[in-house]
Number of protein chains: 2
Amino acid sequence: MVEHAQEALFRPVRAGNAFEETVERLMQSIRLGVVAPGERLPSERDLATRLGVSRVTVREAIRSLQENHYVESRRGRYGGTFVREVLPKSAPGKEFGDLHDVLTLRRVLETGAAETAAGRSLGPAERRGLRARLEEASTSALVEYRRKDSRLHLAIAEATGSAALTAAVAESRMRANELLDHIPLLEPNLAHSNAQHERIIASILDGDPAAARRAMAEHLDGTASLLRGFLV
Amino acid sequence: MVEHAQEALFRPVRAGNAFEETVERLMQSIRLGVVAPGERLPSERDLATRLGVSRVTVREAIRSLQENHYVESRRGRYGGTFVREVLPKSAPGKEFGDLHDVLTLRRVLETGAAETAAGRSLGPAERRGLRARLEEASTSALVEYRRKDSRLHLAIAEATGSAALTAAVAESRMRANELLDHIPLLEPNLAHSNAQHERIIASILDGDPAAARRAMAEHLDGTASLLRGFLV
DNA sequence: CTCCAAAGGTATGTCTGCGAGCCATTGGCG
DNA sequence: CGCCAATGGCTCGCAGACATACCTTTGGAG
């Protein structure tokens, strides 16, 4: 029996119970900026269907987010559950997963996504979308930078046309953000980051896969070494 | 709200119930060759702990595998559940997931894994392991080729040192194999495949990331176009 | 030859999560 | 002004999964 591959295949079949997983997903959609502050989440019935859990479980998850001041709910038609304008700082507790693990997977997924996106012929809507996210990220205030940054990176993953790849990037990014929340965000880094973003998007729009990969790799290696520096 | 990213984030939180997921994992460990024919699975109690499910659920999953002639169980000390020497052909039913989806993710993950593995300084044990898997694959009979091939590719993923990446490759590979089971395996393809494997492993052992990526990309693109050809 | 550790086989009570239905609230439309 | 559709709020019974405990079988160690 191949000993080491077992660790991957015989890992736990589920990350947590249905409630915890649901909270995690909703939290991701907020923290990654897929649902922005002030915007409404899909209805409970809708979420229950999409997430494949019961409405009861969705409600418990939403209640948990309410209690932690991430969302607030309003009843009645045109009511719903809305993301609050001011979001609480993420709890600092959490153990760091294996740093190498997280960064390795992120590098593979995101450089691959950039390369793949650059190799496709993108439609006008996709091109506009990428440019819009780039603009958002570059003009965003410090406090909302992480969210806008994630939206840009997710848009790149989406541009590959692979839902599975997009999902993988979203998950890996979430794990990376947990780490990034522990290091300071400085103006110079941000400016540098924006310049790199521009090169990545330009390469993708130009249809230059190799350049897109290189630019993304450089971008990620920057934050990776920042991380390794700050987290011992 | 960013519309398309929702598909990724609001996808179902769990693929199936605990029983189905457990069957899936055990099946993967057999089909990917992590537990070879004649070998013993970990004990029920052990599996229950590792997979994070109850022993009852593990037993139901194993029973299902017994009924489908994948394994047989023996009681008493030094007993256990053993993979049968002759495995049934996989059921042909199954819907094809989105072909583009599966192949895109596989390409990103595996070319990334090859590049990453080549960029690390591997220990003697790892180098021996890679060479052993290569040897196994190249000398394997037609019937067991897919399994040996998967073991080789998993070994490459493991050589990155990232458990998360290994798990992602295992899952993506399983999905790809479901498709590959529907196309014929021919001797010439196999010889070609072995030659490519050799170049991949050589590049990794030589520590040449760019060459490893190129070789892996070529290898995957070969089977990808085979697939696209056969599946409409 | 006996003992016993380790494996599969079985049974039971509890709890989580689900499905389904109904209630309460709200704001636009006719 | 009244209706009503869409939303969140709530309850109850059932099925799946779990933890735990105990039984049975087997073959090596002593």
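We name chains A, B, ... by the order of the sequence lines, and we start the count at 1 in each one.
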CD1 (Ile200(B)) and CE (Met216(B)) are apart, to the nearest 0.5 Å, by 4.5 Å
Starting at CZ of Arg59(B) and ending at C1' of dA11(C), how long is that distance when rounded to a whole Å?
12 Å
Going by number, which of residues 74-84 of chain A have a non-hydrogen atom under 4.0 Å from DNA chain C?
Arg75(A), Gly76(A), Arg77(A), Tyr78(A)
Hits for side chain to side chain contact (heavy atoms under 4.5 Å, CB included) against Thr116(B), two or more places apart or cross-chain, chain-then-number order -> Thr104(A), Val108(A), Thr160(B)
Inter-residue atom distance Arg146(B).CZ - Lys148(B).NZ, 0.5 Å rounding
14.5 Å
Rounded to the nearest angstrom, tell me the gap between atom CD1 in Ile62(B) and atom P in dT10(C).
13 Å
To the nearest 0.5 Å, atom CG of Leu165(A) lies from atom CG of Leu103(B) at 12.5 Å
How long is the line joining CG of Leu47(A) and P of dT7(D), in whole Å?
11 Å
Calculate, to the nearest 0.5 Å, the distance between atoms CG and CD belonging to Leu154(B) and Gln28(B) respectively.
9.5 Å
Under 3.5 Å, which N/O atoms of the protein pair with N/O atoms of nucleotides 16-18 of chain D?
from	atom 1	to	atom 2	distance (Å)
dA17(D)	OP1	Ala18(B)	N	3.0
dC18(D)	OP2	Ser54(B)	N	3.1
dC18(D)	OP2	Ser54(B)	OG	3.0
dC18(D)	OP2	Thr57(B)	OG1	2.3

Looking at residues at least two apart in the chain, or sitting in another chain, which of them share a side chain to side chain donor-acceptor pair (under 3.5 Å) with Arg63(B)?
none
Using 0.5 Å steps for rounding, measure from the NE2 atom of His197(A) to the CG atom of Leu190(A).
9.0 Å
Is it true that Arg55(B) and Asp46(B) have a side-chain N and a carboxylate O under 4.0 angstrom from each other?
no
One should read off an interatomic distance between Glu144(B) CD and Glu136(B) CD, to the nearest 0.5 angstrom, of 8.5 Å
Taking atom CD as the centre, does Glu171(A) end up with more than 12 heavy-atom neighbours from other residues, nucleotides or ligands that are less than 6.0 angstrom away?
no
Applying side chain to side chain contact (heavy atoms under 4.5 Å, CB included), name anything that partners Phe82(A), two or more places apart in sequence or on another chain.
Arg40(A), Arg74(A)
Let me know the distance between CZ of Arg63(A) and C1' of dG9(D), rounded to the nearest Å.
10 Å
Starting from P on dA7(C), measure out to CD on Gln66(B) and report it in whole angstrom.
17 Å
What stem regions, each of at least 3 consecutive Watson-Crick or G-U pairs below 3.5 Å, can be found for DNA chain D?
C:1-30 with D:1-30
In whole angstrom, what separates Glu44(B)'s CD from dT24(D)'s C1'?
13 Å
Using atom CZ of Arg45(A) as one end and atom P of dA20(C) as the other, report the distance to the nearest whole Å.
13 Å
